[in-house]
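Here is the structure we will look at, set down as structure tokens.
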Amino acid sequence: MSSNNKTMLKNKAVQVWARRLHIYISMALLLVVLFFSVTGITLNRPEIFVKSEPDSSEQVLSLPADLFQSVKGPFVPNESAIVDYLTKHAQLSGKPSALQVFTEIEDGELIEGEISMDYKGPGYNVAVFIDMLAREAVVEKSHYGLVAVLNDLHKGRNSGDVWKWFIDITALLMVLFVLTGVCLLVPKKKTFNTAIKWTLFGSIISLLIFFVAVP
């Protein structure tokens, strides 16, 4: 680090703001850091913490005939209406997929019609199979438990765009937390030098483990 940069970081105003940011960010992220730390362990050891078999349930729903027609045609399902109906009457959550529709029409009559889709959320999955002739939906729910929910939240898997932005912002704040910590150490020459040695030590150990122990 150049002498000019050190002088700037030692500036009283810079130190005051660095201390404020360091303290407030650390308190704001207290539970978030604990969350990512604990789920880091549960992600690393899924065989211990995550259920090997989900809690499963099956539900059969009768669907109104008007769901299977739309402005596109008499045997073209109304996708948004089907999603809304299933979400409400089967108490589903998560992000619904697009409908996969297979129909066979002969002489203007529906001979065979099947619809499949799914809902995905953290630690949670729903498969839906719809028989258009019988107008019945089979809803198969699978839930892998609380730890699986937390693990998926850690990864941002099936968690929505808002949660992904939350992870991005949290990561940036963690970087700022680290940088303000370094800034606060700069004026304390002895402590700073010791901290640099520990940083080098930790970095070397990490690299050694990566190159020697990782297959």
Side-chain angles (χ1 to χ4, degrees), residues 31-32 35-36 38-173:
L31 291 179
V32 177
F35 164 74
F36 282 108
V38 172
T39 51
I41 297 172
T42 58
L43 273 170
N44 196 45
R45 300 290 181 181
E47 69 279 4
I48 298 175
F49 299 103
V50 180
K51 294 179 180 180
S52 57
E53 295 294 332
D55 294 327
S56 301
S57 63
E58 184 175 296
Q59 181 181 5
V60 178
L61 281 178
S62 295
L63 305 179
D66 59 356
L67 296 180
F68 301 103
Q69 55 189 353
S70 65
V71 293
K72 296 180 180 179
F75 303 121
V76 180
N78 187 329
E79 182 167 348
S80 61
I82 287 177
V83 169
D84 290 343
Y85 188 91
L86 289 171
T87 301
K88 179 180 178 180
H89 291 85
Q91 291 82 47
L92 302 181
S93 60
K95 184 178 180 180
S97 69
L99 270 60
Q100 302 295 320
V101 182
F102 169 78
T103 57
E104 184 177 342
I105 301 171
E106 189 174 299
D107 297 328
E109 291 188 12
L110 183 66
I111 304 301
E112 188 176 356
E114 296 177 352
I115 302 171
S116 62
M117 64 174 298
D118 57 39
Y119 287 71
K120 291 186 180 295
Y124 168 85
N125 182 64
V126 176
V128 180
F129 305 95
I130 300 173
D131 185 331
M132 293 176 65
L133 287 174
R135 297 203 295 271
E136 282 188 348
V138 178
V139 181
E140 299 176 355
K141 300 179 184 179
S142 299
H143 202 297
Y144 287 85
L146 177 61
V147 174
V149 173
L150 298 177
N151 285 350
D152 280 353
L153 288 173
H154 182 112
K155 296 182 288 185
R157 182 185 179 192
N158 300 323
S159 304
D161 292 334
V162 173
W163 184 260
K164 286 184 178 181
W165 275 107
F166 174 75
I167 292 175
D168 291 341
I169 293 169
T170 297
L172 290 173
L173 288 174

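Both backbone and side-chain heavy atoms feed into the values below; hydrogens, waters and symmetry mates do not.
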Notebook entry, point to check: Does K164 NZ have over 12 foreign heavy atoms under 6.0 Å away?
Noted result: no

Checklist line | Closest non-hydrogen atom pair between E58 and E140, with its separation | finding: OE1-OE2, 3.6 Å

Check: What pair of heavy atoms forms the shortest contact from L110 to L133, and how long is it?
Finding: O-CD2, 3.4 Å

Margin query: Could you walk me through whether T42 and H154 satisfy the side-chain contact (heavy atoms from CB on, under 4.5 Å) test, starting with their C-alpha distance in whole Å, then the side-chain angles of each, then the deciding distance to 0.1 Å, before giving a yes or no?
Written below: CA-CA 10 Å; T42 58; H154 182 112; over 6 Å; no

Check: L61 versus L86: any side-chain heavy-atom pair under 4.5 Å?
Finding: yes

Notebook entry, point to check: Are the side chains of N151 and F49 in touch, meaning some heavy atoms are under 4.5 Å apart?
Noted result: no

Note to self: Less than 4.5 Å apart, side chain to side chain, heavy atoms only: is that true for I167 and F36?
What the structure shows: yes

Checklist line | Side-chain touch Y144/N125, heavy atoms, less than 4.5 angstrom | finding: no

Check: Would you find more than 12 non-hydrogen atoms of other residues, nucleotides or ligands less than 6.0 Å from K51 atom NZ?
Finding: yes

Notebook entry, point to check: Is it true that atom CD of E53 has more than 12 heavy atoms of other residues, nucleotides or ligands lying nearer than 6.0 Å?
Noted result: no

Notebook entry, point to check: How far does CD of Q59 sit from NE2 of H89, to the nearest 0.5 angstrom?
Noted result: 10.5 Å

Item checked: Donor-acceptor contact present, side-chain S159 to main-chain R157, <3.5 Å -> yes

Next item on the list: To the nearest 0.5 angstrom, please state how far the OG1 atom of T87 sits from the CD1 atom of I82.
Entry: 11.5 Å

Margin query: If we count only N and O atoms by modelled type, under 3.5 Å, do the side chains of D55 and S57 hold a donor and an acceptor together?
Written below: no

Margin query: If you apply the rule side-chain contact (heavy atoms from CB on, under 4.5 Å), what do you find for L153 with T39, and how did you get there?
Written below: CA-CA 9 Å; L153 288 173; T39 51; over 6 Å; no

Next item on the list: For the pair F68 and I115, evaluate side-chain contact (heavy atoms from CB on, under 4.5 Å) and give the outcome as yes or no after the intermediate values.
Entry: CA-CA 10 Å; F68 301 103; I115 302 171; 4.1 Å; yes

Check: How many angstroms lie between atom CD of E104 and atom CD1 of I111, to the nearest 0.5 angstrom?
Finding: 6.5 Å

Check: Say you draw a straight line from CD of E112 to CE of M132; how long is it, rounded to the nearest 0.5 Å?
Finding: 11.0 Å

Note to self: Once you measure the plane-to-plane angle for W163 and F35, does it fall in the parallel (<30°), tilted (30-60°) or perpendicular (>60°) bin?
What the structure shows: perpendicular

Note to self: Determine whether T170 and L173 satisfy the following criterion, side-chain contact (heavy atoms from CB on, under 4.5 Å), listing intermediate values before the conclusion.
What the structure shows: CA-CA 5 Å; T170 297; L173 288 174; 5.7 Å; no

Notebook entry, point to check: Counting only N and O atoms by type, is there a donor-acceptor contact under 3.5 Å from the side chain of K141 to the main-chain atoms of A90?
Noted result: yes

